[in-house]
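So that the names make sense, note that chain A is the first sequence line, chain B the second, and so on, each numbered from 1. Reckoned from all heavy atoms, side chains included, excluding hydrogens, waters and symmetry mates.
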There are 2 protein chains.
Amino acid sequence: MKAPILETYGREAAAFKALGHPTRLFIAHQLGRRDTCVCELRDMVGDDISTVSRHLSVLRSAGIVDSVRKGNQIIYSLKLRCVLNIRVCGNFGGRK
Amino acid sequence: MKAPILETYGREAAAFKALGHPTRLFIAHQLGRRDTCVCELRDMVGDDISTVSRHLSVLRSAGIVDSVRKGNQIIYSLKLRCVLNIRVCGNFGGRK
DNA sequence: CATCTATTTGGCGATTTGGCAAAATAGCAA
DNA sequence: TTGCTATTTTGCCAAATCGCCAAATAGATG
């Protein structure tokens with residue numbers, strides 16, 4: 001790949017890549033409703049908590065979510081709020 | 001992953017996933033400017049033509065691009081035009 | 001200190017991805 | 001038919017991803 005392409009599209013492509021998994025896309029939208037701990041997301045998602053934690057770290061390194069420790073749990077929040085407004089045209093999704 | 005999450009977010013996540021590679025994101029935007037053949041994209045991208053062809057097949061199976069044969073070459077076009085309007089907030093990209 | 005809870009990290013197999021080169025395919029033209 | 005060009009497919013390999021379990025870590029609390 002030529003360097004200018006990577007420079008121009010690399011970061012945004014990385015954000016798309018992070019959102020390119022159903023669980024992570026769900027998590028991003030859920031965090032758009034309210035901040036939650038990992039444990040709560042695990043209940044909603046149904047995967048092992050270590051798997052959910054990994055998804056969150058992917059989202060965080062892409063700059064999409066943020067986290068703050070509160071007591072003995074870690075609260076995640078949606079940092080890139082615009083994610084909520086992104087809709088792919090066509091019959092994607094099915095959310096209201 | 002729980003089934004409802006896959007049903008609700010699966011298709012859109014697949015579109016994000018397809019766009020989650022710098023070369024594919026570039027190709028999508030380039031096709032937004034004008035329809036081109038694979039050979040032309042290969043010159044712009046710099047990868048092997050088989051690699052570019054694969055990227056295009058990924059974009060096509062995600063429903064993002066379309067293709068039409070014209071003579072002995074295949075012309076690709078952007079099917080999901082809204083892709084051009086998707087911008088991730090923050091300092092992503094760098095396009096105008 | 002020890003212990004409990006919440007979360008992250010390491011390691012593992014199974015699967016997928018990205019890239020190239022070579023072979024196969026499709027159409028055009030002689 | 002043969003040959004030529006454009007594109008796709010196949011084979012291969014290294015690297016990344018996904019999901020789980022187990023171990024490690026960080027704060028809380030006793």
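- Note: NZ (B/Lys70) to P (D/dT7) measures 13 Å, nearest angstrom.
- For B/Asp48 against B/Arg42, the heavy-atom pair with the smallest separation is C-CG, 4.4 Å.
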Item to complete: Run the numbers on A/Leu25 and B/Thr8 for side chain to side chain contact (heavy atoms under 4.5 Å, CB included), then give the verdict.
Response: CA-CA 10 Å; A/Leu25 190 54; B/Thr8 306; over 6 Å; no

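- Under the 3.5 Å distance criterion, the side-chain polar atoms of A/Gln30 are left unmatched by any main-chain donor or acceptor of A/Leu41.
- Note that CZ of B/Arg24 is 8.0 Å distant from CG of B/Leu19, once rounded to the nearest 0.5 Å.
- Residues in residues 46-78 of chain B take part in these ring pair (Phe, Tyr, Trp, His ring centres under 6.0 Å) pairs, two or more places apart or across chains: B/His21-B/His55.
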Report all side-chain donor-acceptor pairs from residues 61-72 of chain A shorter than 3.5 Å, counting only partners two or more places apart or in another chain.
residue, atom, partner, partner atom, Å
A/Ser61, OG, A/Ser57, O, 2.8
A/Ser61, OG, A/Val58, O, 3.3
A/Ser67, OG, A/Arg60, NH1, 2.6

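- The side-chain heavy atoms of A/Phe26 and A/Val45, taken from C-beta on, include a pair separated by under 4.5 Å.
- Side chain of A/Arg81 to backbone of A/Gly32: a donor-acceptor contact under 3.5 angstrom is found.
- Residue B/Asn72 contributes atom CG, which lies 6 Å from atom C1' of D/dT5 at whole-angstrom precision.
- The pairing partner recorded for C/dA24 is D/dT7, the criterion being a Watson-Crick or G-U wobble arrangement whose two distances lie under 3.5 angstrom.
- Here the range on DNA chain C touched by chain B, meaning any atom under 4.0 Å from one of its heavy atoms, is C/dT17 to C/dC28.
- Near DNA chain D, meaning a heavy atom under 4.0 Å away, the residues from residues 34-41 of chain B are B/Cys37, B/Val38, B/Cys39.
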Worksheet, complete the sentence: Per-nucleotide protein contact along nucleotides 14-23 of chain D, 5' to 3', at a 4.0 Å heavy-atom cut-off (B base, S sugar-phosphate only, - neither), is ---SSSBBB-

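- In terms of the side-chain contact (heavy atoms from CB on, under 4.5 Å) criterion, residue partners of A/Gln73 (sequence neighbours excluded) are, by chain and number, A/Cys37, A/Cys39, A/Ile75.
- Checked by atom type and distance alone, the side chain of A/Lys2 pairs as donor or acceptor with a backbone atom of B/Asp43 at under 3.5 Å.
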